[in-house]
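Here the structure is laid out as structure tokens; the discussion comes afterwards.
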Amino acid sequence: MPPETQPEQPRKYAAPRGTSDLLPEDWPYWRYIRDTGERVCELFGYRRIETPLFEDAGVFLRTAGAGTDVVEKEAYIFEDRGGDRLALRPEGTAAVMRAYIEHGMSSQPQPVRLYYIAPNFRYDRPQAGRYRQHTQLGVEAVGEAEPLIDAEVIDLQATFYRRLGLRGVTLKVNTIGDAACRPAYIEALRAYYRPRLDAVCADDRMRFEKNPLRLLDCKEERCQPAIAGAPRLRDYLCDPCRLHFERLLAYLAALSIVHTVDERLVRGLDYYTRSVWEFHPAEEGAQSSIGSGGRYDGLVELLGGAPTPGVGFGSGIERLILNLKRQEAAVPPALAPALYIAHLTPEAAIEALRLAGAVRAAGAEAIVGPEGRSLKAQLRHANAHRARYVAILGAREIASGEVTLRDLEDHSERRLPLMDLAGAVAPHA
RNA sequence: GUGGGCGUAGCCUAGCGGUUAAGGCGCCAGGUUGUGGCCCUGGAGAUCGAGGGUUCAAAUCCCUCCGUCCACCCCA
């Protein structure tokens with residue numbers, strides 16, 4: 001006998017914390033950004049790739065490295081029913097490199113130019129511009145080590161923002177060295193901070209252990225003196241890194257890409273090497289970066305592939321929308337239907353469905369009024385839908401095989417044969 | 001993970017201890033018999049985020065939780 005179940009009160013569900021529904025009102029922004037992004041990427045010869053929303057957790061755990069919040073504290077990791085340990089994608093690059101290796105892309109002409117628009121998941125505390133699910137446009141150029149490609153990727157990103165019409169976007173660039181020179185610098189930085197740990201903030205003491213490069217980025221007033229006297233990475237760069245950066249800056253200058261060198265700029269993910277950069281919007285908030293990138297020459301190797309250089313960026317779509325709205329940027333508006341078909345009798349309703357099909361086949365949007373509403377209600381409805389035309393089907397029209405076509409813009413009205421309707425409202429090619 | 005602000009119908013807001021929670025937008029209907037956008041009238045729609053407590057009495061005070069926003073942190 002089944003246990004007596006209590007009548008459950010229906011619970012109201014909401015989207016999970018830090019996630020949101022993309023509603024029709026916001027779609028024009030999304031479509032604009034996606035279309036623009038896709039076009040710019042294709043103009044630069046980049047090809048679309050999409051990887052699964054989840055991966056073997058190792059793809060991210062092995063690559064991002066210890067001490068990075070994105071993976072260590074923020075990854076959604078779970079076991080599936082088969083016992084596999086999986087992770088919702090917290091960032092795009094490692095997943096794309098996994099695909100690069102898996103599909104033998106190293107045998108394609110190098111560099112392999114790839115882009116994607118895909119959601120990422122991070123268990124953060126949400127605030128404006130920071131969500132547990134956010135979408136990034138990502139670009140990766142894999143298999144080329146020279147700085148010309150770094151400049152190309154930055155150029156692509158700058159072009160993307162320019163085409164979106166974002167004003168006041170600024171670019172900061174830096175180099176963080178590589179495996180040859182960065183360890184010595186980290187050591188020097190730690191040696192410098194070790195006797196000063198009592199004078200700096202608690203966060204810095206944590207950074208000292210986990211992510212020493214971030215010490216340079218601390219905003220605490222009391223930590224500024226320490227930062228000012230700290231050893232500089234540029235004094236520790238190996239010759240290849242120094243040269244790479246100098247050449248990158250020269251290319252950027254040649255392209256007239258306005259930028260500033262910010263020696264405090266570092267990356268949260270450990271696999272970055274040499275070039276790093278960030279784009280910031282005109283109006284800075286707490287979540288200021290709208291897109292950031294860098295070189296990751298060691299990443300493919302970390303995933304078991306042959307040593308392969310790479311460079312790329314990710315840009316947050318939600319933050320771009322935030323800034324487009326702040327700037328009240330014009331985006332292409334949502335399409336309004338060309339035709340609304342009002343019907344007044346059961347026979348007319350059937351004819352309305354047929355007519356709608358014919359109109360759509362001719363390439364114009366058509367929506368059919370709901371059943372049982374007055375003509376006045378349907379006209380109001382059509383107006384609310386911002387339809388251009390209303391076709392009226394009542395007993396009179398059915399009897400004569402005609403339709404009344406009303407133009408909601410100039411208020412004119414005429415009768416025409418049913419079969420002429422599609423041609424009258426469809427865009428003329 | 002830390003600190004702070006805020007949570008009243010789909011949306012915006014009033015009410016801030018005392019009878020049936022008010023208004024605007026939106027939605028639906030009507031303003032005669034087949035005609036929109038403005039206007040007028042009516043209607044539906046709220047366990048006042050959830051749970052607990054204080055009080056004769058709570059949307060109004062207190063606590064906890066949840067959500068949201070802001071700052072830190074981190075990052076797109």
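Residue numbers begin at 1 in each chain, while the letters A, B, ... track the order of the sequences. Bear in mind the structure is a predicted one, so any value in this text is a computation, not a measurement.
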I'd like a table of atom pairs between the protein and nucleotides 10-12 of chain B - only N or O on both sides, under 3.5 Å - with the distance next to each one.
none

Those residues that, when tested against A/T273, pass side-chain hydrogen bond (donor to acceptor under 3.5 Å, both in side chains) (two or more places apart):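 Listed in chain order: nothing, the list is empty.
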Please report the distance, rounded to the nearest Å, between [atom1] in [X] and [atom2] in [N].
X: A/E91; N: B/rA76; atom1: CD; atom2: P; answer: 8 Å
X: A/R396; N: B/rU33; atom1: CZ; atom2: P; answer: 12 Å
X: A/Q136; N: B/rA76; atom1: CD; atom2: P; answer: 6 Å

So [X], base contact, sugar-phosphate only, or nothing? Heavy-atom distance under 4.0 Å.
X: A/E74; value: sugar-phosphate
X: A/G293; value: nothing
X: A/I392; value: base
X: A/R386; value: nothing

With respect to the phosphate group of [N], does any side-chain polar atom (N or O) of [X] fall under 4.0 Å of OP1 or OP2?
X: A/Q127; N: B/rA71; value: yes
X: A/S292; N: B/rA76; value: yes
X: A/R125; N: B/rG1; value: no

With sequence neighbours excluded, residues passing side chain to side chain contact (heavy atoms under 4.5 Å, CB included) with A/L43: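 Scan of A/L43 (side chain to side chain contact (heavy atoms under 4.5 Å, CB included), adjacent residues dropped) gives A/R39, A/R163.
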Strand RNA chain B in bracket notation, Watson-Crick/G-U under 3.5 Å with | for pairs to another chain: ((((((((.[[[[.)..(...]]]].(((((.......))))).....[[[[[..)....]]]]])))))))....
Side chains of A/S292 and A/R267, donor plus acceptor under 3.5 Å: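 A/S292 vs A/R267: donor-acceptor pair found between side chains.
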Strand contacts (RNA chain B) in residues 196-203 of chain A, 4.0 angstrom heavy-atom criterion: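 Residues of residues 196-203 of chain A that come under 4.0 Å of RNA chain B are, in numerical order, A/D203.
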Donor-acceptor pair present, A/E397 side chain and B/rG34 base, under 3.5 Å: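 Side chain to base: pair found, below 3.5 Å.
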Please produce a list of atom pairs where a protein N or O lies less than 3.5 Å from an N or O of nucleotides 28-32 of chain B.
from	atom 1	to	atom 2	distance (Å)
B/rC28	OP1	A/R373	NH1	3.0
B/rG30	O6	A/R380	NH2	3.3
B/rG31	N7	A/K376	NZ	3.0
B/rG31	O6	A/R380	NH2	2.4

